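Predicted model, so just to flag it, every value in this text is computed and none were measured. Heads up: numbering here begins at 1 and tracks the sequence. Atoms within each ligand, like the ligands themselves, are counted from 1 in listed order.
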Amino acid sequence: MIVVMRSGFAEDELSAVVAHIESVGLRASITRGAEQAIVGVIGVPITEQVQEALEAMPGVEKVLRVSKRYKLASRDFHPMPTVITVAPEHGAAVQIGGEAIVVMAGPCSVESEAGFLQAARQARAAGATLLRGGAFKPRTSPYEFRGLREEGLEILALARQETGLPIITEVMTPADVPLVARYADVLQIGARNSQNYLLLEAVGAAGKPVMLKRGMAMTAEEWLLAAEYVLASGCPDVMLCERGIRTFETATRNTLDLSMVPLIKKLSHLPVVIDPSHGTGKADLVPAMALAAVAAGADALIIEMHPNPDQALSDGAQSLDPATFADLMPRLDLVAQAVGRSIARAPIPSAAD
Ligand code: PEP
Ligand code: MN
């Protein structure tokens with residue numbers, strides 16, 4: 001249920017509405033616009049008696065029932081788009097969900113200190129604003145490279161220190177959340193874990209923004225309900241990443257479902273990220289899908305880039321080489337301009353770089 005406050009409502013009227021909601025054992029989530037406020041009511045049961053009491057309160061314009069199963073994730077609850085501020089504590093905060101589109105780049109896995117620092121410098125020189133790299137890798141085969149774990153997190157932190165760029169990295173189990181959250185600026189939930197509800201609750205309580213990838217066989221509603229777990233655990237800063245779904249097609253690794261960009265933005269206020277790397281599995285298809293994602297209205301891209309894709313320990317076939325990545329950035333600018341947006345840029349590297 002949503003309580004829409006009348007324009008020009010008084011603060012004590014809003015406080016009274018919240019107090020009433022809490023007094024009947026429900027939770028209130030407030031969203032403010034320029035002159036309006038909307039109070040989302042969460043919990044069960046929301047009876048007709050509660051609805052009627054709220055309708056009669058001073059300052060209340062109307063009370064609407066929300067039939068969707070996800071509440072905090074829905075546009076009805078939160079009409080304004082969410083803008084997530086990443087890493088304010090590092091002084092180079094990046095905003096995701098605003099006018100500027102953020103490009104996150106880096107190798108699939110953190111493989112070595114020298115290799116990752118090289119990739120980080122190349123990503124920054126090309127204009128990326130966030131660094132990606134997996135330290136805990138979910139691999140289909142247990143015999144493949146599964147990441148450097150804490151050593152990988154330390155390398156990520158070193159790269160952040162050197163480049164000034166915040167880092168995004170995956171966390172795979174609830175037990176690892178405190179460790180990964182100590183290093184990461186954004187916690188990534190991978191496609192394979194997107195319905196691991198205990199993990200979703202653990203990252204939701206970790207105090208860091210979360211990027212939730214779409215599972216390989218997840219419907220939009222299931223995806224938004226997964227986001228709801230994170231939101232309901234206390235994290236308001238959730239972004240949704242489309243990374244391709246399983247279809248009958250085998251010429252690509254996955255089928256990148258770009259229709260999710262306008263669909264999710266209609267249903268939800270959460271920023272949408274596109275991963276054209278896992279979405280196609282083929283480096284030569286990545287630039288076109290990255291450009292298309294910007295045209296479709298994505299708020300951010302996450303792109304795999306490796307100094308030597310042929311030697312990558314994971315996902316080399318879909319990783320751009322640094323020159324191709326650098327060449328893509330100004331082309332993204334042009335498409336962004338065409339749709340009334342821009343591509344966020346990292347601060348210009350100093351002469352010491
Ligand atoms: C990754 O980002 O490297 C990754 C493992 O992604 P996904 O969970 O989408 O497969
Ligand atoms: Mn990968």
No-hydrogen, no-angle side-chain donor-acceptor test under 3.5 Å, [X] and [Y]:
X: Thr324; Y: Asp327; value: no
X: Ser342; Y: Glu99; value: yes
X: Gln95; Y: Thr85; value: yes
X: Ser314; Y: Ser109; value: yes

Inset, instruction - Decide yes or no on side-chain hydrogen bond (donor to acceptor under 3.5 Å, both in side chains) for Arg6 and Gln36, but give the supporting numbers first. - result: CA-CA 7 Å; Arg6 204 168 282 139; Gln36 255 205 338; over 6 Å; no

Suppose I only count heavy atoms of [X] and a 4.0 Å limit; which atoms of ligand 1 are within that range?
X: Gln188; answer: 1 (C), 2 (O)
X: Gly190; answer: 8 (O)
X: Lys213; answer: 1 (C), 2 (O), 4 (C), 6 (O), 7 (P), 8 (O), 9 (O)
X: Arg192; answer: 7 (P), 8 (O), 10 (O)
X: Lys137; answer: 1 (C), 3 (O), 5 (C)

Inset, instruction - Output every pair passing salt bridge (Lys or Arg N to Asp or Glu O under 4.0 Å) with a member in residues 11-36, not counting sequence neighbours, ordered by first then second residue. - result: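 Checked against salt bridge (Lys or Arg N to Asp or Glu O under 4.0 Å) - neighbours excluded - the pairs reaching residues 11-36 are Glu11-Arg32.
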
Legend entry - Inter- and intrachain pairs under salt bridge (Lys or Arg N to Asp or Glu O under 4.0 Å), touching residues 189-213, at least two apart: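 Non-adjacent pairs meeting salt bridge (Lys or Arg N to Asp or Glu O under 4.0 Å): Lys213-Asp275.
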
Inset, instruction - Report, as yes or no, whether the 6.0 Å neighbourhood of atom CZ on Arg139 holds more than 12 heavy atoms from other residues, nucleotides or ligands. - result: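 Atom CZ in Arg139 is crowded, with more than 12 foreign heavy atoms closer than 6.0 Å.
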
Inset, instruction - Count the heavy atoms of every other residue, nucleotide or ligand shown that sit under 6.0 Å from CD of Glu249, and state whether that count exceeds 12. - result: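 Yes, enclosed.
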
Inset, instruction - Please confirm whether Glu304 comes under 4.0 Å of ligand 1, counting heavy atoms of the residue only. - result: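 Yes, Glu304 has a heavy atom closer than 4.0 Å to ligand 1.
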
Inset, instruction - Could you establish whether Gly134 and ligand 1 come within less than 4.0 Å of each other, counting only heavy atoms on the residue side? - result: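 The answer is no, since Gly134 has no heavy atom less than 4.0 Å from ligand 1.
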
Can you find an N/O atom of [X] closer than 3.5 Å to an N/O atom of ligand 1?
X: Cys108; answer: no
X: Arg243; answer: yes
X: Arg132; answer: yes
X: Asp315; answer: no

Legend entry - Identity and distance of the protein heavy atom lying nearest atom 4 (C) of ligand 1: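 Protein heavy atom with the smallest distance to atom 4 (C) of ligand 1: His278 NE2, 3.4 Å.
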
Inset, instruction - Please write down residue, atom name and distance for the protein heavy atom closest to atom 8 (O) of ligand 1. - result: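 For this ligand atom, the closest protein heavy atom is Ala191 N, 2.7 Å.
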
Inset, instruction - Not counting sequence neighbours, list each pair that qualifies as a side chain to side chain donor-acceptor pair (under 3.5 Å) and has a residue in residues 284-305. - result: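 Output for this query lists Arg132-Glu304, Lys265-Asp299, His278-Glu304, Asp299-Arg341, Glu304-Gln318.
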
Inset, instruction - Could you tell me which non-hydrogen atom of Val171 sits nearest to which non-hydrogen atom of Leu199, and how far apart they are? - result: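 Val171 and Leu199 have their closest heavy atoms at O-CD2, 3.7 Å.
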
Legend entry - Shortest non-hydrogen separation from Val94 to Leu130 and the atoms involved: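 Closest pair (atom of Val94, atom of Leu130, distance): CG1-CD1, 3.8 Å.
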
Legend entry - Metal site the Mn ion (ligand 2), protein N/O/S atoms found under 2.8 Å: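 Excluding waters, the total comes to 4.
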
